[in-house]
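Read the structure below first, then the notes.
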Amino acid sequence: MIESVYSNDNTEINGTGRVQANFKMPKNIRQIGKSNVSKKIYVEDYVMTFTKQLAGEDYSSCRVAVLLGHYVSLEQGRCIFISGAVEVEDIDIKDEIVFTNDHWTAIYENTKKYFVESEIVGWFLGGPGYILEDKERILKAHIDNFAGQDKTLLTYDNMEKEEAFYFYENGALCRQEGYYIYYEKNEKMQDYMIEHKQKPSEEAQYDDRVSREIRTIFENKKPQTDDENKSINRLMYAAGTLLAVIILVVGAAILSNYDQMKNMQDTLNSLSQNLKEVESVFLKNEDAQVSQDIVSQDIIEAKNEQPTSIPSDTEESLDIEVISGEVTPLPEKSEKEEIKEEEKEDKNQDKKDKKDSEDGSSSDKNDKKQAEAEKEQSQVEHQINQVEATGGQDLVSSEGEVKYYTVKAGDSLAGISYKLYNSANYISKIKELNNIEDEDMIYIGQKLIVP
């Protein structure tokens, strides 16, 4: 339970004790510094504004005011809530701070007029720092007029722009490490400030952005009239109608996009199905064509006669098919051109042999190559003579048979020429007989007519 109590010290001055049955903690509170555990000070924002304006920029003297409020005991400790301040006018503080009967009379009158339910909880002293350093004189004024540990002293150094709270403890004024500022409308303090020409908006010496913003919120809180309620209702109705229209438009757009996406998906599915059908038909045709080629090849091979293997001079056995019948040879080049080509090949071979001899090959090897070259030359001359004698029909034997060679893996025209004739001079002849333009363009299984 929260109970509001009052100070028992100097009850004649403070007046009769007051108890607040219903106390509500302010909602908007801001902590300044580190608060005391046993005693906490809560000061209203307008009180801080008034006291700092009261001190002003007068560096020759101090200004004095009485702090008004009430005491509250909470679970966390004893609290002082300062909700008002009354200036003590025409007080002399040159030698010592003295509160006369006239001063107290004016204080009671202002308290009764503006702060009926409040009591004196302390006092304020504001001015330049060099005057506030006189601790003995301030302590004597506090004990003489505000005796008791519950009374507080608020000081404000208008030169350093620094405030501080004090409690009387163990025969001295002890400075508190922090306090709380709470924000309320506080119409009583506003009325007092207006009457004494201290308007809340005039804050030349105390510019607190947070305080101004919170204070503006409280000042702007006014009860709404019926017209304002009607305007708000109309605005809400218009906003709701607009929101409903927007939702309908967005929903229609979503449905339209959904239909378009569905149609596109159907189209893609149809195209995919058609592509699959075309691919299946193509694969079937390709398989049929391959099967037909295989059957045709088997028929051709079946018609062919059994090939007769002819051994060659090489280490490996070579298979040459001999088929009866006459073959008309391709148009041959003139004898002179053929002889020139063979001589050119012989020259190239001679150059190669000469290069090998220059690289340091042995004399025996050179003799062997020379013998092979002479042998090849004699074979060429024999071939030329045979061509002249037979009139270009040397491909046909006396029995009218034609020789074929089946290409195997790794074969080339040069290799076939070496295998069959131990010479490269028959490459051009094989190309002419088989109408081959590029000697590298042969394939496995191909049947070549050979001389």
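A salt bridge links Asp150 with Arg78: the closest approach of a Lys/Arg side-chain nitrogen to an acidic carboxylate oxygen falls below 4.0 angstrom.
In terms of modelled atom types and a separation under 3.5 Å, the side chain of Gln176 and the main chain of Cys174 share a donor-acceptor contact. Put simply, the side chain of Thr267 gets close to the backbone of Asn263: a donor and an acceptor are under 3.5 Å apart. For Ser417 (side chain) and Ser423 (main-chain N/O), a donor-acceptor pair under 3.5 Å exists by modelled atom type. In this structure, the side chain of Asp438 engages the main chain of Asp440 through a donor-acceptor pair within 3.5 Å. Judged by distance alone, with hydrogens and angles left aside, the side-chain atoms of Lys52 form no donor-acceptor pair with the main-chain N or O of Thr49 at under 3.5 Å. For the pair Thr51 (side chain) and Val47 (backbone), a donor-acceptor distance under 3.5 Å is present. At distances below 3.5 Å, at least one donor-acceptor pair connects side-chain atoms of Thr241 with backbone N or O atoms of Tyr237.
Across Ile138 and Leu132, no two heavy atoms sit closer than the pair CD1-O, 3.5 Å. Across every non-hydrogen atom of Pro128 and Asp58, the tightest pair is CD-O, 3.7 Å. Summarising the geometry of Ala85 relative to Leu67, their closest heavy-atom pair is CB-CD2, 4.2 Å, with the distance given to 0.1 Å. For the pair Tyr46 and Lys185, the tightest heavy-atom approach, listed with the atom from each and the gap, is CE1-O, 3.5 Å. When all heavy atoms of Glu163 and Arg175 are compared, the pair lying nearest together is O-NH2, 3.8 Å. The two residues Ser118 and Leu68 have their closest heavy-atom pair at CB-CB, 4.0 Å.
Surrounding CD of Glu187 are at most 12 heavy atoms belonging to other residues, nucleotides or ligands under 6.0 Å away. More than 12 heavy-atom neighbours from other residues, nucleotides or ligands sit within 6.0 angstrom of OH on Tyr130.
Qualifying side-chain hydrogen bond (donor to acceptor under 3.5 Å, both in side chains) partners for Ser412, counting only residues two or more places apart in sequence or in other chains: none. For the ring pair (Phe, Tyr, Trp, His ring centres under 6.0 Å) test, residues two or more places apart in sequence or in another chain that qualify with Tyr114 are Tyr192. Contacts of Asn186 classified as side-chain hydrogen bond (donor to acceptor under 3.5 Å, both in side chains), with partners at least two apart in sequence or in another chain: Glu44.
Once rounded to the nearest 0.5 Å, the distance linking CH2 of Trp123 with CG of Leu153 reads 5.0 Å. Atom-to-atom distance recorded for Phe165:CZ and Thr152:OG1 is 6.0 Å, nearest 0.5 angstrom.
In this pair, Phe81 and Tyr182 present their aromatic rings perpendicular. The plane angle is above 60°, beyond the 30 to 60° band.
The only option from Ile181, Ile32, Ile80 that meets the side-chain contact (heavy atoms from CB on, under 4.5 Å) definition with Val43 turns out to be Ile181.
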